[in-house]
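Report on the following structure.
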Number of protein chains: 2
Amino acid sequence: MNKLEFKAFFYAIGDYSRFSILSSLAKRDLNVSEITAMTGIEQSNVSHHMHCLLNCGFVNVRNDGNKHIYAINPEVRQTVDSIISHIASYKKQIISCDIANKAYISKVIK
Amino acid sequence: MNKLEFKAFFYAIGDYSRFSILSSLAKRDLNVSEITAMTGIEQSNVSHHMHCLLNCGFVNVRNDGNKHIYAINPEVRQTVDSIISHIASYKKQIISCDIANKAYISKVIK
DNA sequence: TATAAATATGATTGGCTATTCATATACTAT
DNA sequence: ATAGTATATGAATAGCCAATCATATTTATA
C-alpha cells in the first residue's frame, strides 16, 4: 500500500459527514433531500460530499426527474460495516483516549 | 456509533505516519530508534505519534534499559490488516478519484 | 413563460493538526 | 561524575479541508 492510496481512502471515508452519508445509504438509496433530512447536513454541503463520494466511486447516481438518487457501491457497504464493527470493538479504549478526543470534547463542552 | 468514537478512531488510525508505524509494529515489537529507521519519520515526531497511539490503547510499551519497546495491541493488528485489504480492493477506483488525490498529487508533481 | 423545487458550483474562511525545532529527561558506560 | 545514547516534551508554524454563503443550473408545474 502506498501513501496515495491510503490518503485517498481515508480522505473519502474518514470524514464523519461522509461516513454518516454512507451509513444512511447502506440502508437504502436516497436522494439529496432525504440525505439532508436524515443526516442534518445542509444541502449544499451534502452536494459537495456527494461529488466527492461519486468521484471516488463510493456511490453511484441515477436521475428520477429532478431528483438525484444515490446508491452505495456494494464493496463500500461492506467496508462501512466492517469499520463500524471495528469501532465497536475499539469503543472500550476510547474513554481513556484524551489526545484524539481533546479537540472534539473541548468543542462539545463549550 | 457516535461522532466521538468515530473521530477518535480515525484521528488515531487515519494518519499515514501513525498507520505506517502500526504496520511496522504489526510485524514485530520495535523501539523508537527502530521505528525511526523503518519509517523514516524523525525521532521527536515518532515520540509524538507513540504518545498518541499509547494514549489511545493502540500500542503498549515496556522498557529495556533506556530503550522503550512498543508492541501493537492484538485487536489493532487485526484492524490494520483489515484496512490494508480494504484499501487493496478499493485500489481500482483510486485512479479516477481526483478530489481525494488532488492535494497529494499536486504535491508530488511539483 | 413564470415560479417553484431540487441539486450543484465556486469562493472564502476558520479551525485543526502534523511536523519541526529546541530542549529536557532518563538511563548507560567509562 | 561525565559523556553519550535513547526518548520525551513544549511551542510555533504552515498546510489542509469542511462548512458556509451566495448563486447557478436543471427540471417540474401552474
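All values derive from a computational prediction rather than experimental measurement. First the proteins, then the strands, lettered A, B, ... as listed; each starts at 1.
Heavy atoms of A:Tyr70 sit under 4.0 angstrom from primed sugar atoms or phosphate atoms, though from no base atom.
In this structure a side-chain-to-backbone donor-acceptor pair under 3.5 Å is missing from A:Arg18 to A:His49. The backbone N or O of A:Glu75 sits nowhere less than 3.5 Å from a side-chain atom of A:Gln78 that would complete a donor-acceptor pair.
In this structure, B:Phe19 atom CZ and C:dA18 atom C1' are separated by 18 Å, rounded to whole Å. If you measure from atom CG of A:Asn55 to atom P of C:dA8, you get 14 Å, rounded to the nearest angstrom. Between the NZ atom of B:Lys67 and the P atom of D:dA8 there is a distance of 13 Å, given to the nearest Å. One atom, NE2 of A:His68, and another, P of C:dT9, lie 9 Å apart when rounded to the nearest Å. A straight line from CD1 of A:Ile35 to P of C:dT7 spans 9 Å, rounded to a whole angstrom. Atom C1' of nucleotide D:dA18 and atom OH of A:Tyr16 are separated by 15 Å, given to the nearest angstrom. Between the NZ atom of A:Lys7 and the C1' atom of D:dC17 there is a distance of 11 Å, rounded to whole Å. Taking atom CD1 of B:Ile69 as the reference point, atom P of C:dC27 lies 14 Å away to the nearest angstrom.
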In residues 61-71 of chain B, what donor-acceptor pairs under 3.5 Å come from side-chain atoms, sequence neighbours left out?
residue	atom	partner	partner atom	Å
B:Arg62	NH1	B:Asp29	OD2	3.0

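The ring pair (Phe, Tyr, Trp, His ring centres under 6.0 Å) search around B:Phe19 returns A:Phe6, not counting sequence neighbours. In this structure, the ring pair (Phe, Tyr, Trp, His ring centres under 6.0 Å) partners of A:Phe58, at least two apart in sequence or on a different chain, are B:Tyr90.
A:Ile84 approaches A:Ser23 most closely through the heavy-atom pair CD1-OG, 4.3 Å. Summarising the geometry of B:Val32 relative to B:Val46, their closest heavy-atom pair is CG1-CG1, 3.9 Å, with the distance given to 0.1 Å.
To the nearest 0.5 angstrom, A:Ile41 atom CD1 is 4.0 Å from A:Ile21 atom CD1. Atoms CG and CG, on A:Leu22 and A:Asn73 in that order, are 10.0 Å from each other to the nearest 0.5 Å.
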Using the 3.5 Å cut-off, write out each protein N or O paired with an N or O of nucleotides 25-30 of chain D and the distance between them.
residue	atom	partner	partner atom	Å
D:dT27	O3'	A:Asn66	N	3.4

Give me, pair by pair, the N or O atoms of the protein and of nucleotides 19-24 of chain C that are less than 3.5 Å apart, along with how far apart they are.
residue	atom	partner	partner atom	Å
C:dT19	OP1	B:Ser17	OG	2.8
C:dT19	OP2	B:Ser17	OG	3.3
C:dT19	OP2	B:Asn45	ND2	3.2
C:dT19	OP2	B:His49	NE2	2.6
C:dT19	O5'	B:Asn45	ND2	3.2
C:dT20	O4	B:His48	NE2	3.4
C:dC21	N4	B:Ser44	OG	2.9

In sequence, state the C-alpha distance, the side-chain angles, and the governing distance for B:Ser47 and B:Gln43, and then conclude on side chain to side chain contact (heavy atoms under 4.5 Å, CB included). CA-CA 6 Å; B:Ser47 276; B:Gln43 181 270 316; 3.4 Å; yes

Take A:Phe10 and B:Ile87, measure what side chain to side chain contact (heavy atoms under 4.5 Å, CB included) needs, and give me the verdict at the end. CA-CA 9 Å; A:Phe10 275 94; B:Ile87 292 179; 4.3 Å; yes

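Listed by residue number, the members of residues 26-34 of chain A with any heavy atom below 4.0 angstrom from DNA chain D form an empty set.
Of the side-chain N and O atoms in B:Tyr11, none sit less than 4.0 angstrom from OP1 or OP2 of C:dC16.
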